[in-house]
Amino acid sequence: MDGNANTPPPKERRLLERVRNAIRRLHYSRRTEETYIHWIKRFIYFSDRRHPGEMGAAEVTAFLNYLARERSVAAATQNQALSALLFMYKEVLAEPLPWLDELDRVKKPARMPTVLTAGEVRRLLAAMSGTKWLMASLLYGGGLRLRECLKLRVKDLDFEYRQILVRDGKGAKDRVTMLPESLIDSLKGHLERVRRLHERDTARGYGDVELPDALARKYPRAPYEWGWKFVFPSHKLSTDPATGVIRRHHVYENFLIRGVKDAVRAAGIVKHVSCHTLRHSFATHLLESGYDIRTVQELLGHADVSTTMIYTHVLNKGGRGVVSPLDHAGA
């Protein structure tokens, strides 16, 4: 082992570099890359820094069982670790793992999503202003996920058709959702300010923007085009860790996460509310308004309607619509 305890040995560093190359070759997101690298490192350290090529299903099972039994991780966390290791063995080491029969799978609890009433949504949005208000309004008004909102490009907003093109959403799928008419004037005013910021960056030599996949090589001028700019750019320039290029990225997640938390407190809402709660509320309120569940499924980008069905359980319909006998007794 060379260096200190936190410095991976050369053989391990070469493996991690191969993992990064495989992830980028398959056009996975940077967040997926960071997550996979994290779990592969955890697996290696758990296994006394043995090279994964010297291990197999038994060691992977031991690590995942440790996460479940000793660390009491959530089902999603164990699945993340499993996905990372399956990817490494299949795509990098070319040694696909057999079915892990001895694995203790963490059971995912069936929890109902938190949903705000229409009045609570109004109070929440009323406690916000500026860009944070606009972003939160899009999460609720179009059913966007937080990352989808952050990654919006100018050309994804279609004001004529009143729609938003969500590119590379969950599951690497594109979809179309609604653009609320009540936000159009505010969005246009916001984009005018963003355009002036873009023009100042260009004058200073920082006018390009990160493009997905290999589009920058295919269209060399595209990074400088207005349509590719982020709708919600960061207030400061930053260095791209992959290329070293100084450019303006989109705002960080915590910009809106903190904004929503502050607004929840200011609005006096006692429910546990996150950015994703606005998406849950979007779906539930559409179903309450009588829209078809298949339509809501398409707007949300769910692959299976069973995922969308969770929102029918929070509606005051069917069995939930029965009047309590206590209410009758008091009549």
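Computed from a prediction, not measured in an experiment: that's the story for all the values here.
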Exercise. Return yes if some donor-acceptor pair links the side-chain N/O of N79 with the main-chain N/O of A75 below 3.5 Å, else return no.
Key: yes
Exercise. Answer with yes or no whether the hydrophobic clustering places L300 together with V176; edges join I, L, V, M, F, W, Y residues whose side-chain heavy atoms lie under 4.5 Å apart.
Key: no
Quiz item: Between S289 and Y291, is there a donor-acceptor pair closer than 3.5 Å when you use the side chain of the first and the backbone of the second?
Solution: no
Self-check item: Between CD1 on residue I269 and CG on residue L124, distance to nearest 0.5 Å
Solution: 5.0 Å
Quiz item: Can E70 and N65 be said to form a side chain to side chain contact (heavy atoms under 4.5 Å, CB included), step by step?
Solution: CA-CA 8 Å; E70 306 297 326; N65 285 346; over 6 Å; no
Quiz item: How many angstroms lie between atom CG of D158 and atom CD1 of I164, to the nearest 0.5 angstrom?
Solution: 10.0 Å
Quiz item: Short question: side chain of K151, backbone of F230 - any donor-acceptor pair under 3.5 Å?
Solution: no
Quiz item: Which heavy-atom pair separates A136 from L278 by the least distance, and what is that distance?
Solution: O-CD1, 3.7 Å
Self-check item: Spacing of L256 atom CG and M135 atom CE [to the nearest 0.5 Å]
Solution: 5.0 Å
Quiz item: Does a donor on one side chain sit under 3.5 Å from an acceptor on the other, for T308 and H302?
Solution: yes
Self-check item: Side-chain donor or acceptor of R162 paired with backbone N/O of F159 under 3.5 Å
Solution: yes
Self-check item: E181 atom CD: more than 12 heavy-atom contacts under 6.0 Å
Solution: no
Self-check item: Stepwise side chain to side chain contact (heavy atoms under 4.5 Å, CB included) test for V166 and T177
Solution: CA-CA 7 Å; V166 180; T177 188; 4.1 Å; yes
Exercise. Test ring pair (Phe, Tyr, Trp, His ring centres under 6.0 Å) on F232 and F255 and set out the steps.
Key: CA-CA 11 Å; F232 300 108; F255 174 78; 8.6 Å; no
Exercise. Report yes if some heavy atom in the side chain of R248 is under 4.5 Å from a heavy atom in the side chain of Y206; otherwise report no.
Key: no
Exercise. Might you work through the salt bridge (charged side-chain N to carboxylate O under 4.0 Å, His left out) test for R204 and E199, ending with a clear yes or no?
Key: CA-CA 9 Å; R204 296 169 56 198; E199 291 170 350; over 6 Å; no
Quiz prompt | Non-hydrogen atoms of G207 and H198 that approach each other most closely | solution = O-CE1, 3.6 Å
Practice problem: Indicate yes or no: at least one non-hydrogen side-chain atom of D240 is less than 4.5 angstrom from one of R247. | Solution: yes
Exercise. Working to the nearest 0.5 Å, report the span between NE2 of H276 and CD1 of I257.
Key: 12.0 Å
Quiz item: Can you tell me if D304 uses its side chain to pair, donor with acceptor, with the backbone of T307 under 3.5 Å?
Solution: no
Exercise. Please report the shortest heavy-atom distance between S234 and L197, naming the atom on each side.
Key: O-CD2, 4.4 Å
Quiz item: NZ of K261: more than 12 outside heavy atoms within 6.0 angstrom?
Solution: no
Quiz item: Closest approach of V251 and P233, non-hydrogen atoms and distance?
Solution: CG1-O, 3.2 Å
Quiz item: Do V273 and E120 come within less than 4.5 Å of each other through their side chains, counting heavy atoms only?
Solution: no
Self-check item: Hphob cluster co-occupancy, L125 + I184, side-chain heavy atoms under 4.5 angstrom
Solution: yes
Quiz prompt | Side chains of M55 and V60 in contact at under 4.5 Å (non-hydrogen atoms) | solution = no
Quiz item: Hey, is the main chain of R50 close enough, under 3.5 Å, to the side chain of S47 for a donor-acceptor pair?
Solution: no
Quiz prompt | Basic-acidic side-chain contact under 4.0 Å: R24, E33 | solution = yes
Quiz item: Within a radius of less than 6.0 Å around CG of D185, do more than 12 heavy atoms belonging to other residues, nucleotides or ligands occur?
Solution: no
Practice problem: Answer yes or no: does atom NZ of K271 have more than 12 heavy-atom neighbours from other residues, nucleotides or ligands under 6.0 Å? | Solution: yes
Quiz prompt | Side chain proximity check, V245 to D208, heavy atoms < 4.5 angstrom | solution = yes
Exercise. Kindly compute the distance separating CZ (R18) from CG (L93), expressed to the nearest 0.5 Å.
Key: 6.0 Å
Quiz item: Under a 4.5 Å cut-off applied to non-hydrogen side-chain atoms, are L82 and F87 in contact?
Solution: no
Practice problem: Answer whether the closest heavy-atom distance between the side chains of Y224 and T202 falls below 4.5 Å. | Solution: no
Exercise. Can you measure from CD (E95) to CE (M88) and round to the nearest 0.5 angstrom?
Key: 9.5 Å
Quiz item: Do R279 side-chain atoms and G143 backbone N/O form a donor-acceptor pair below 3.5 Å?
Solution: yes
Self-check item: Same apolar cluster (I L V M F W Y, side chains within < 4.5 Å links), L165/L183
Solution: no
Quiz item: Looking at Y36 and S83, what are the two nearest heavy atoms and their distance?
Solution: OH-CB, 3.7 Å
Self-check item: Single hit among R147, R153, K229 for side chain to side chain contact (heavy atoms under 4.5 Å, CB included) with H250
Solution: R147
Self-check item: Side-chain (S281) to main-chain (L116) donor-acceptor, under 3.5 angstrom
Solution: yes
Exercise. Run the salt-bridge test on R30 and E210 with the 4.0 Å N-O cut-off and return the result as yes or no.
Key: yes
Quiz item: Between Y89 and F43, how do the two ring planes meet: parallel, tilted or perpendicular, split at 30° and 60°?
Solution: perpendicular
Quiz item: Any idea which heavy atoms bring A263 and A127 closest together, and the distance?
Solution: O-CB, 3.8 Å
Self-check item: Check: V231 main-chain N/O paired with H190 side-chain donor or acceptor under 3.5 Å
Solution: yes
Quiz item: Does any N or O in the side chain of E192 come within less than 3.5 Å of the main-chain N or O of G189, such that one atom is a donor and the other an acceptor?
Solution: no
Quiz item: For L15 and V92, what are the C-alpha separation, side-chain angles and deciding distance, and is it a side chain to side chain contact (heavy atoms under 4.5 Å, CB included)?
Solution: CA-CA 8 Å; L15 171 67; V92 179; 3.9 Å; yes
Quiz item: Given the rule that I, L, V, M, F, W and Y join up when any side-chain heavy atoms are under 4.5 Å apart, are L179 and L191 in one cluster?
Solution: yes
Quiz item: Are any of the side-chain heavy atoms of W226 and V209 separated by less than 4.5 Å?
Solution: no
Quiz item: When you look at Y140 and H285, which way does the ring pair (Phe, Tyr, Trp, His ring centres under 6.0 Å) test go after all the steps?
Solution: CA-CA 10 Å; Y140 173 67; H285 295 170; 5.6 Å; yes
Self-check item: L152/L144 under side chain to side chain contact (heavy atoms under 4.5 Å, CB included): CA gap, chis, key distance, verdict
Solution: CA-CA 10 Å; L152 279 178; L144 300 181; 4.1 Å; yes
